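Heads up, the thing below is written out as C-alpha cells.
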Number of protein chains: 2
Amino acid sequence: MSVKNKTRYAILGVLNSSPCTGYDIKKYCDRIIAHFWNENYGHIYPVLKALQEEGLIERVEEETNDRKKKYAITGKGREEFLSWLKEPAHYQPARSEFLLKLSFSKDLHKDEIRSMILKYKEDYVKKLDGYGKMEEYMKQKEGALETQQGFFLYAPLRYGIRSAESAIAWCDEMLNEIDLLK
Amino acid sequence: MSVKNKTRYAILGVLNSSPCTGYDIKKYCDRIIAHFWNENYGHIYPVLKALQEEGLIERVEEETNDRKKKYAITGKGREEFLSWLKEPAHYQPARSEFLLKLSFSKDLHKDEIRSMILKYKEDYVKKLDGYGKMEEYMKQKEGALETQQGFFLYAPLRYGIRSAESAIAWCDEMLNEIDLLK
DNA sequence: TTCCTCATGTAATTCGTTACATGATTGC
DNA sequence: GCAATCATGTAACGAATTACATGAGGAA
C-alpha cells in the first residue's frame, strides 16, 4: 500500500465522476476544489500507479493523444471509495501560524500587531472576493442549488465564504480591541 | 539545522515567556493553545536539543527535581524569535477532509448527507461549548481584555469562537438546502 | 497495589512539498 | 521563434505522527 490515505481518496473521488489523466486530476484540484483541498504531481502520479496495481483503477483508451494516460475507477475502486465516504471525516489537528504568532506577540508594538491583523484581513478580503465571483458564476451557469450536482460544489463554496466573512469580522473586532488596550 | 521551522518557533515562543521543560511545553500546547496549535514529544525533545546546540536556548538549574531539564531562551534566541515574529505568517494550504467528502457525495442518499452534516455540527457545538467555558474563565480570572497579557490569549480564543459559530451556521444553512433539494 | 501524572527520549513510518528532468503541442 | 500550457514522472528533503521504551512519585 505504501502511499495511501488522503490522496488516494481524492483521486478516486475525481475518477468517480469521469475518467481522467493525472494532469486532469491536478487541474481539478487547482480549479475546482482548491479552497479546501490541494494535491501535487509528486503525489498524484505514484498514487495513480499504486491504485492501478491494486485494481482500484484501470487504464482506458485515449485516441486523441497517445501520451496521455487516462484512468477510470473500477467496481472494486468504487466500493472502497464509497466505504471511505461513509466513514466520519477524521478530525485534523489545527495549526494556524498566524494565531501562533499573535499569541506570542506581547513584546511587539501595538502598530506592528495592528498591521499584522490588517494584512491577514486583506488576504481574506481577496479570498472572499474570489469566492463571490465563483458563486456568481455557479449561479448563472449551472443553476447550482436546484440540481444535486451543483449542491456538492456550492456547499463547500458557501463554507469558504462564511469562513472568510467570519475571519474578517474577527479582524475588525480585534482592531477595535487593540485601540482600547492599555 | 535538520529539524526546524514551525516547532522551533513554537518552542522559542513558549520559552520567551518563562523557562520550561519539554514536558511543560507540551502541557502549554495541550492546555493553552490547543485550539490552533499542537506539538508532540517526538518533535519537542529533538528540537530542544538542536536549539541548545545552536545557542538559542540554554539549560538552567532546577533545584526541586534533578530529572527535569529546564531551558531558557538566550539573547540570540530572542533575536531569532523576534525576527520570525515580524515576518508575515505563511499561508497554509487548506485541507478539509470533511469538505472533500461532501464534494464527492453525489452518490449518497440525502439522509446520509444530512447525518454527515449533523455530526459535523455536533463536533462544533461541543467545541464552542469548551471555548465558552474558557472565555468565562479568562474573563473572571485574568481580567483578560484589559491587560496586554490577556489580550494575546483572548484574541485567538475569539477566533475559535467565531469559527465555530460560523461552521454551525453553515451546517444549519445546508441542512435547510438539502430539504429543498430535488 | 493500581492508576495517573510527571518526565525524557528514540525509532520507524508516513506524509507532503519542492526541485529536478524531459519533451510535445498550441497560439501569438 | 518564443512562451505558455499540456503531460508524465523521479528524487530528495522536510515535517509530523505514532509507537516504543523507561521509570519516578503521588493519590486513591
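Naming: A, B, ... by sequence-line order, numbering from 1 per chain. Owing to the predicted nature of the structure, the values given are computational and were not obtained by experimental measurement.
- Annotation: proximity of residues 19-27 of chain A to DNA chain D (heavy atom, distance under 4.0 Å) is found for A/Thr21, A/Gly22, A/Tyr23, numbered in ascending order.
- Under a hydrophobic-cluster definition in which Ile, Leu, Val, Met, Phe, Trp and Tyr are linked whenever side-chain heavy atoms come within less than 4.5 Å, directly or via other members, A/Val60 and A/Tyr71 are assigned to different clusters.
- Relative to the ring axis of B/Tyr41, B/Lys26 places its NZ or CZ within 45° and under 6.0 Å from the centre.
- Here B/Lys6 does not reach the OP1 or OP2 of D/dG14: none of its side-chain N or O atoms lies under 4.0 Å away.
- For the pair A/His43 NE2 and C/dT18 P, the interatomic distance rounds to 13 Å; values are reported in whole Å.
- Residue B/Asn40 places no side-chain N or O under 4.0 Å from the OP1 or OP2 atom of D/dA19.
- Under a cutoff of 6.0 Å and an axis angle of 45°, B/Lys127 and B/Tyr124 form a cation-pi pair.
- Within the structure, side chain to side chain donor-acceptor pair (under 3.5 Å) contacts touching residues 12-21 of chain A (residues at least two apart or in different chains) are A/Asn16-A/Arg78, A/Asn16-B/Asp107, A/Thr21-A/Asp24.
- Remark on the helix from C/dT1-D/dA28 to C/dC28-D/dG1: inter-end axis angle 30°, axes from five-pair C1' superpositions, rounded to 10°.
- More than 12 heavy-atom neighbours from other residues, nucleotides or ligands sit within 6.0 angstrom of NZ on B/Lys106.
- For B/Lys69, no side-chain nitrogen or oxygen approaches OP1 or OP2 of C/dT8 to under 4.0 Å.
- Contact annotation: A/Tyr45 reaches the phosphate of D/dT8 (side-chain N/O to OP1 or OP2, under 4.0 Å).
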